[in-house]
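Encoded as structure tokens, the structure appears first; notes follow it.
Residue numbers count from 1 along this sequence.
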Amino acid sequence: TYSGQVSIKNTSSNEILISASGELDKSKNAKLLDVNSSATEITVSEPENAVDNLEVYIQIPSTFAQELVIESNSGDVSVEGLSLNLLSIGTSSGTLVLDSIKADTLSLNTVSGDTRLRNSTITTLSAKSVSGEIEIDNKSSAVTRLKSISGDIQLQVPESESFRFD
């Protein structure tokens with residue numbers, strides 16, 4: 001869980017690289033980020049009420065093709081150039097921008113914020129927004145489920161793809 005900007009890209013490195021910038025209130029915490037890891041999971045969180053203008057940069061090896069789950073309370077999330085089995089992003093407030101993603105399953109959920117997905121190849125896509133626009137312009141999506149309570153949905157389908165509405 002996190003409040004601030006987060007940017008995730010692929011890297012040719014064999015390690016996950018995490019860096020951050022922001023204004024730290026050292027009377028509340030000594031670090032910009034709390035990073036915990038186990039054999040199967042890395043959790044990146046911000047110290048409660050200790051950082052202003054937090055920006056987190058995460059680089060994931062291009063060989064990593066497992067599952068990535070991102071949860072953000074407030075702040076924009078951008079993801080670029082990843083190839084994954086599962087990518088799930090949820091945010092309460094903030095814009096989601098995804099570009100050049102390849103995923104078997106992609107799940108995007110926002111309460112208040114826009115969602116933009118471009119140049120991607122997704123087998124199963126689900127995007128939901130309570131208040132915000134959903135804009136999809138993919139290379140390919142086999143199964144696509146889009147839902148918005150209050151906001152526009154724009155779906156561009158390549159001419160080479162067939163589609164049907166249920």
Side-chain angles (χ1 to χ4, degrees), residues 1-26 28-130 132 134 136 138 141-147:
T1 304
Y2 172 85
S3 294
Q5 309 267 344
V6 63
S7 175
I8 302 173
K9 295 183 178 185
N10 70 0
T11 180
S12 59
S13 171
N14 290 329
E15 298 178 340
I16 294 175
L17 307 171
I18 302 170
S19 61
S21 65
E23 300 165 20
L24 177 64
D25 182 344
K26 291 183 180 178
K28 294 182 180 177
N29 202 309
K31 306 184 280 184
L32 283 175
L33 291 177
D34 291 326
V35 179
N36 297 301
S37 64
S38 69
T40 59
E41 181 175 271
I42 296 174
T43 304
V44 178
S45 57
E46 87 175 277
E48 191 171 330
N49 300 318
V51 183
D52 287 327
N53 302 316
L54 182 60
E55 294 184 20
V56 175
Y57 308 95
I58 302 172
Q59 296 180 347
I60 297 178
S62 54
T63 56
F64 179 84
Q66 302 302 311
E67 298 180 2
L68 179 62
V69 178
I70 303 164
E71 295 178 18
S72 172
N73 288 336
S74 176
D76 297 341
V77 176
S78 67
V79 181
E80 183 179 339
L82 298 183
S83 181
L84 302 163
N85 291 338
L86 169 79
L87 175 57
S88 176
I89 305 175
T91 183
S92 298
S93 176
T95 299
L96 303 180
V97 178
L98 294 90
D99 193 359
S100 302
I101 304 297
K102 183 177 180 187
D104 293 333
T105 303
L106 175 60
S107 175
L108 306 170
N109 293 291
T110 65
V111 174
S112 176
D114 296 339
T115 299
R116 291 183 180 82
L117 175 64
R118 293 189 175 101
N119 303 315
S120 298
T121 302
I122 312 298
T123 304
T124 302
L125 167 64
S126 173
K128 298 176 186 175
S129 177
V130 174
I134 298 174
I136 309 293
N138 276 345
S141 294
V143 176
T144 302
R145 292 181 179 91
L146 307 173
K147 181 178 181 179

Is it the case that the side chain of T124 and the backbone of V143 share a donor-acceptor pair, with hydrogens and angles ignored and the cut-off at 3.5 Å? no
Taking the side chain as everything from C-beta on, heavy atoms only, tell me whether I8 gets closer than 4.5 Å to I60. yes
What are the two closest heavy atoms between N10 and G81, and how far apart are they? ND2-O, 2.8 Å
Does a donor on one side chain sit under 3.5 Å from an acceptor on the other, for E23 and N53? yes
Starting at CG of L32, measure out to CD of E46 and round the result to the nearest 0.5 Å. 9.5 Å
Taking the side chain as every heavy atom from C-beta outward, state whether V77 and V79 have any pair of such atoms under 4.5 Å apart. yes
Please confirm whether the backbone N or O of A65 pairs with a side-chain atom of N85, one donor and one acceptor, at under 3.5 Å? yes
Do Y57 and Q59 get their side chains close enough for a donor-acceptor pair, meaning under 3.5 Å? no
Heavy-atom side-chain contact between T105 and T123 under 4.5 Å: no
Please report the interatomic distance OG(S107) to NZ(K128), rounded to the nearest 0.5 Å. 7.0 Å
For residues E15 and T11, report the shortest heavy-atom separation together with the two atoms involved. O-CG2, 4.0 Å
Closest heavy-atom pair, I16 versus P61, reported as atoms and distance to 0.1 Å, is CG1-CD, 3.7 Å
Measure the CG-CG distance between L106 and L82 for me, rounded to the nearest 0.5 Å. 10.5 Å
Check whether any side-chain heavy atom of L125 lies under 4.5 Å from a side-chain heavy atom of L117, and answer yes or no. yes
At what distance, to the nearest 0.5 angstrom, does CD of Q5 lie from OG of S78? 8.0 Å
At what distance, to the nearest 0.5 angstrom, does CD1 of I89 lie from OG1 of T110? 11.0 Å
Is there side-chain contact between L98 and L87, with at least one heavy-atom pair below 4.5 Å? yes
Which heavy-atom pair separates D76 from T95 by the least distance, and what is that distance? OD1-N, 3.0 Å
Which heavy atom of A20 sits nearest a heavy atom of L33, and at what distance? CB-CD1, 3.6 Å
Heavy atoms, side chains only, cut-off 4.5 Å: are I136 and T144 in contact? no
Between N138 and I101, is there a side-chain heavy-atom distance shorter than 4.5 Å? no
Indicate the atoms forming the closest heavy-atom contact of S100 with S120, along with that distance. N-OG, 3.5 Å
Taking the side chain as C-beta and beyond, is there a heavy-atom pair between N73 and T91 under 4.5 Å? no
CG of N36 to OG1 of T43, rounded to nearest 0.5 Å, is 6.0 Å
